[in-house]
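Structure first, commentary second.
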Amino acid sequence: HVDFLLLGGGAAAASAAETLSLESTGKSILMLSAEDIPPYRRPMLSKQGLLGDAPALLHDDAWYRAQQIELALNTRAVSVDTDQHLVTTDAGETLHYDKLLIATGAQPRALGCPGERLPGVHHLRRWADREAVRDDIRAGAKHAVVLGGSFLGMEIAMTLNALGLSVTVVELGLLLLRHTESPEVSAEARRGAEEAGVTILLGDQVSEIRGEDRVTQVVTAAGRTLPCDILMVSVGVAPATVFLAGSGITLEKGLVVVDDQLRSSAADVFAAGDVTLFDDPVFARRRHIEHWDNAVKQGRLAARNMLGQGRRYDEVSYFYCDFGRFSFSMLGMPEGAAGQVRRGSWADASVALFYLEEGVPRALFSMGRPPEETRAAEGLIRYRVRLEDAAAKLADP
Ligand code: FAD
């Protein structure tokens, strides 16, 4: 029997474990992680981690021992029985819980293209994936193709470029970083990447992956043939919730549906991080977010609610992205905005874009800007402040 059973070894489970250990006494906490190292800063995988740094662990082994948190690595939950409060693991163990947290995150989507399983074709989600890419580079890989020009794809492209590989990004859409919903951001990201020597192909996709023992070429739908020793597939993720089939927990498109206190449809079962579809009171709608800050904060809040505190999740969503000289953050929800107002200039690498909806700022893209501006924008977004003459006011420095 465990008081608090946490499924997952990522940011959400780790921040929940930390909060539970700080805010309760004498309760047992067990984390199950499918990975072989303790929770670490996953975002570094495509940045310093790929460049060669050691994993940035959130806590070392001594910390888990001191907090009396049991961390079971290489252990997967394979089923959940919410009536009996039981979880079964791939080691054949059955665990009884008082409160359960689902924080199993996401896993890379497959392309569904022949050749996808050839050596040299990679996803980047776990530390083991980073090891495999670095092994290929050490073995002499020179040409990389990156499929997907969103945040992760662009970070990987710029890091491989910094490691001296020739890099081509193939993006199906006509914009890079499409989640920013900004042609201006896309164009600037493209300019920065091309200046660094990365080739960008928009409106194209892979149609064939070629190679005998390992990948050697990628053929695109537009008929291009690209030499390739490393193919990085970065075309999105799917929630890691297959093990919840038959549990009775309500899922939508594989995501765990939770309310604004991060409670699932089953008694005593909570969820946090990339795996959730949650009620966001700031925008009064259901949202799904795949970013670090959200995972950390939801993990913390879910833990408090596992302790019976009944708190609402009402954060203004935030993320950062970092590639080459292009390093920015985003607050709020760009989807659905009617237009963008710019302060600052790209030439000075100092740009704020306010996304407006009927005079109400709903998101902020921010690069090289003063922190006071970001703080002020957060308030405007959180409280849905309507500004008279918003475009003119926001553009005026
Ligand atoms: P995850 O981090 O996915 O952790 C889930 C854990 O559960 C994993 O350890 C997994 O192995 C384990 N697991 C899965 N199934 C089971 C099971 N059945 N039983 C037991 N364990 C299981 N976000 C940003 O905001 N900024 C960035 O710059 C950024 N860069 C990123 C770069 C990369 C390469 C990646 C992959 C992600 C990046 N992100 C970034 C996203 C961010 O890392 C995620 O949003 C965050 O890690 C989500 O945390 P999580 O705990 O919800 O899930």
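For the numbers below, each heavy atom of this structure counts, side chains included, while hydrogens, waters and symmetry mates do not. The model shown is predicted, which means the values in this text are computed figures rather than measured ones.
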Taking [X] for the side chain and [Y] for the main chain, is one N or O donor matched with an acceptor at less than 3.5 Å?
| X | Y | value |
| --- | --- | --- |
| Thr104 | Ala240 | yes |
| Asp348 | Ser350 | no |
| Arg134 | Leu50 | yes |
| Thr276 | Val256 | no |

Which residues share a ring pair (Phe, Tyr, Trp, His ring centres under 6.0 Å) with Phe4, sequence neighbours left out
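Once residues adjacent in sequence are excluded, Phe4 has no partner under the ring pair (Phe, Tyr, Trp, His ring centres under 6.0 Å) criterion.
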Does [X] pair with [Y] as a salt bridge, N-O distance under 4.0 Å?
| X | Y | result |
| --- | --- | --- |
| Glu23 | Arg300 | no |
| Asp396 | Lys393 | no |
| Glu195 | Arg325 | yes |
| Glu357 | Arg362 | yes |

Testing the 3.5 Å rule here: is there a donor-acceptor pair between the side chains of [X] and [Y]?
| X | Y | answer |
| --- | --- | --- |
| His179 | Glu181 | no |
| Tyr313 | Arg311 | no |
| Gln340 | Ser182 | yes |
| His122 | Asp136 | yes |
| His1 | His96 | yes |
| His59 | Glu18 | yes |
| Arg369 | Thr374 | no |
| Arg76 | Thr89 | no |
| Glu93 | Thr88 | no |
| Tyr318 | Glu378 | no |

For the residue pair [X] and [Y], establish whether any side-chain heavy-atom pair is separated by less than 4.5 Å.
| X | Y | result |
| --- | --- | --- |
| Thr82 | Val80 | yes |
| Val145 | Pro227 | no |
| Arg125 | Pro108 | yes |
| His123 | Met232 | no |

Would you call the rings of Phe328 and Phe323 parallel, tilted or perpendicular, where under 30° means parallel and over 60° means perpendicular?
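It falls in the perpendicular class, over 60°.
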If you draw a 6.0 Å radius around NZ in Lys47, do more than 12 non-hydrogen atoms from other residues or ligands fall strictly inside?
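Yes, because the 6.0 Å sphere around NZ of Lys47 holds more than 12 heavy atoms from other groups.
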Is the distance between the ring centroids of Phe365 and Phe354 less than 6.0 Å?
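No - the distance between ring centres of Phe365 and Phe354 does not fall below the 6.0 Å cut-off.
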Set of residues satisfying salt bridge (Lys or Arg N to Asp or Glu O under 4.0 Å) with respect to Lys99, sequence neighbours excluded:
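Testing Lys99 for salt bridge (Lys or Arg N to Asp or Glu O under 4.0 Å), a comparison that skips the adjacent residues, returns Asp268.
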Start with the C-alpha distance between Phe270 and Leu100, add both sets of side-chain angles, then the distance that settles side chain to side chain contact (heavy atoms under 4.5 Å, CB included), and finish with yes or no.
CA-CA 6 Å; Phe270 298 75; Leu100 179 69; over 6 Å; no
On a heavy-atom basis, which atom in Leu387 and which in Pro361 lie closest, and how many Å separate them?
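Smallest interatomic distance, heavy atoms only, reads CD1-CG, 4.1 Å.
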